[in-house]
Amino acid sequence: MKILILGGTGMLGPWVIKALKDKYQILLTDINEPPKEYQGDYLKLSVDDLDGVVKAAEGMDCIVNLAVLRHDRKLAFDVSTKGNYSMMEAAKQNNIKRVINTGPHFQMVGPSYEEWDHNLNPDMPPQPGTRLYAISKYLGQEICKKYSNQFGIQVITLLYYNMRHHLDLTTPDFEPTEMSTDMTPFTTSWIDCGEAVRCAVEVSKDKLATNLESFFISPNLPHKKFNSEKTYDVLGWKPRYSLERLWNKELVRSNNHLEDSY
Amino acid sequence: MNNKQNILISSQNSKMSKIFAECLEEHNLSYFDEKKLDFSSSNSLEKIFNNIDLYIHIGYEGFKSKDPMEMIDYHTRLTYDLLFAAGRKNVSRVFSISSLELFENYESNLTITENWDTDFSVKKIELLCAYLSENVCKEFARDKVFEVINLRVGNLFIKDNSFLSKSNLKNNILNLLEIDFEEEEKKKSKNVAFISARKTGASWLNLHLQDSFTGQKYLTTKIENLFNNESKS
């Protein structure tokens, strides 16, 4: 199987490549060159280059979109909205029937959900609100939805929140983590985030209820803010790192071994 | 006229913009041509919304380009920029002008209302863009930046089964200027089953508008009930 990866040299890309490289033929694309550790095929390509993306997708079986730029208003829309238009046109024109899209949780569950409710699940109607990153990704997802409905393209959208390195729980910018405090509602290791993409590439069509399915890529967590049962059941994704250190208090001496019993 | 409003209309020189201008000629109107705006400067964008009460954003048949990327850019990013600027200048209401063609794939025998999900061909980029523009406006309403009336209009130019006459548009658009979201909420609360403690109305109102005649494709009961009138041409 040949897989086109868009925006593959960012934060998530290296982990997706780790998860896919031994089983699949990958064409990695991005505006930035990959680091020397990457040994595979690479094409310099911006995701909003419509003709370029259509051409890069020739002969591919699947497209994985990891492209993201959040800090500039124009670039955010170029990448997250117009980029998805390029991707879906490329899938349509090249008869590619599976697309894996990625984005932040709040392109679906914005503040109007997260600040109010629990047991949020990925089948709810999106409510991104006006935050730049969320709305630009959400509009891209709406383009995916319309193309999926009309041309029968399976779009599997993986929604992430907070991602940490499994060794030291830092962000890609080496931002440290405060242990044993209330955590960001869901936090996932990079390795498991990459694995989720492999699961999405491999999941049988029969397991997907519709052509457009979204998943929270999060371990099941005790606070029950987000419900990721569907990810476990349908994608068969099982996180290896549940990062308990983030939400368990530090060990303290117990004077009474009956505490929390009965 | 006593209640003159300061109204800003986008897509100057488009046919759609001109029709709305004719309907609202008794108000203080101003316009802009988005192709001449400097979107890199938030100050200059905000300036066009100074003292504006109502902004009419033409999301369909306004901005045109043969380049699909340029179309998407205007109806998403630049629409976001415009609405952001409108919010900064405390514009209280926005009309998002869209099209009943967003339901073109449904058969004519169906009772299509505002409750139905859109169904159109993405091959028509102007429809995809109208849909995206609606969604940008909706999120500003959701965040209560201002009230949005999303008006999906019938065909203003050809007498087909979704025809909308200018006189009908004018009647309804003038009524919509006066609508009070809070009052509408209070009216609903008069029915004991719907009584609530809400003090503000919804900030998003979705309405379909075309003329009423035998064989009309889209039902317009919601807007008729709102103003207790018939949408006859």
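Labels below follow one simple rule: chain letters A, B, ... track the order of the sequence lines, proteins then strands, and each chain is numbered from 1. Hydrogens, waters and symmetry mates play no part in the numbers below; they use all other heavy atoms, side chains included.
Around the CZ atom of A/Arg131, the shell of radius 6.0 Å holds no more than 12 heavy atoms that belong to other residues, nucleotides or ligands. Counting non-hydrogen atoms of other residues, nucleotides and ligands closer than 6.0 Å to NZ of A/Lys2 gives a total of 12 or fewer. For A/Lys224, the NZ atom is loosely surrounded, since the number of other residues' heavy atoms within 6.0 Å does not exceed 12. More than 12 non-hydrogen atoms from other residues, nucleotides or ligands lie less than 6.0 angstrom from NZ of A/Lys97.
Taking CD1 of B/Ile72 as the start and CG of A/Leu139 as the end, the distance is 10.0 Å to the nearest 0.5 Å. Rounded to the nearest 0.5 Å, atoms OG1 (A/Thr130) and CG (B/Asp143) are 3.5 Å apart.
For residues 46-59 of chain A, heavy-atom neighbours of chain B at less than 4.5 Å comprise A/Asp48, A/Leu50, sorted by residue number.
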Criterion side-chain contact (heavy atoms from CB on, under 4.5 Å) on B/Leu78 and A/Phe77, from CA distance to verdict = CA-CA 9 Å; B/Leu78 301 181; A/Phe77 280 96; over 6 Å; no
Start with the C-alpha gap between A/Tyr85 and B/Leu128, add the side-chain angles, then the distance that decides, and say whether side-chain contact (heavy atoms from CB on, under 4.5 Å) holds.
-> CA-CA 10 Å; A/Tyr85 179 75; B/Leu128 178 62; 4.0 Å; yes
Audit row: B/Arg77, A/Ser136, side-chain contact (heavy atoms from CB on, under 4.5 Å) steps and yes/no | CA-CA 8 Å; B/Arg77 176 176 69 95; A/Ser136 57; over 6 Å; no
Quick one: do B/Asp73 and A/Lys82 satisfy side-chain contact (heavy atoms from CB on, under 4.5 Å)? Show the steps, please.
-> CA-CA 7 Å; B/Asp73 196 40; A/Lys82 287 158 72 179; 4.0 Å; yes
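No hydrogens or angles considered: a donor-acceptor pair under 3.5 Å links the side chains of B/Thr118 and A/Lys146.
Looking at A/Pro126, only its backbone comes within 4.5 Å of chain B, counting heavy atoms on both sides. Only the side chain of B/Ile125 has a heavy atom closer than 4.5 Å to any heavy atom of chain A. For a residue to count as touching a neighbouring chain, one of its non-hydrogen atoms must lie under 4.5 Å from one of that chain's; by this rule A/Glu89 does not touch chain B. Contact of B/Asn105 with chain A is not made at all, since no heavy-atom distance falls under 4.5 Å. Only the side chain of A/Asp78 comes within contact range of chain B, with at least one heavy atom under 4.5 Å from a heavy atom of that chain. At a 4.5 Å heavy-atom cutoff, the contact between A/Ile135 and chain B is made by side-chain atoms alone.
In this structure a side-chain-to-backbone donor-acceptor pair under 3.5 Å is present from A/Gln150 to B/Val122.
Contact count versus chain A (heavy atoms, under 4.5 Å) is highest, among B/Phe84, B/Phe140, B/Phe120, B/Tyr80, for B/Tyr80.
When all heavy atoms are compared, the tightest approach of B/Glu139 to A/Gly129 is OE1-N, 2.7 Å.
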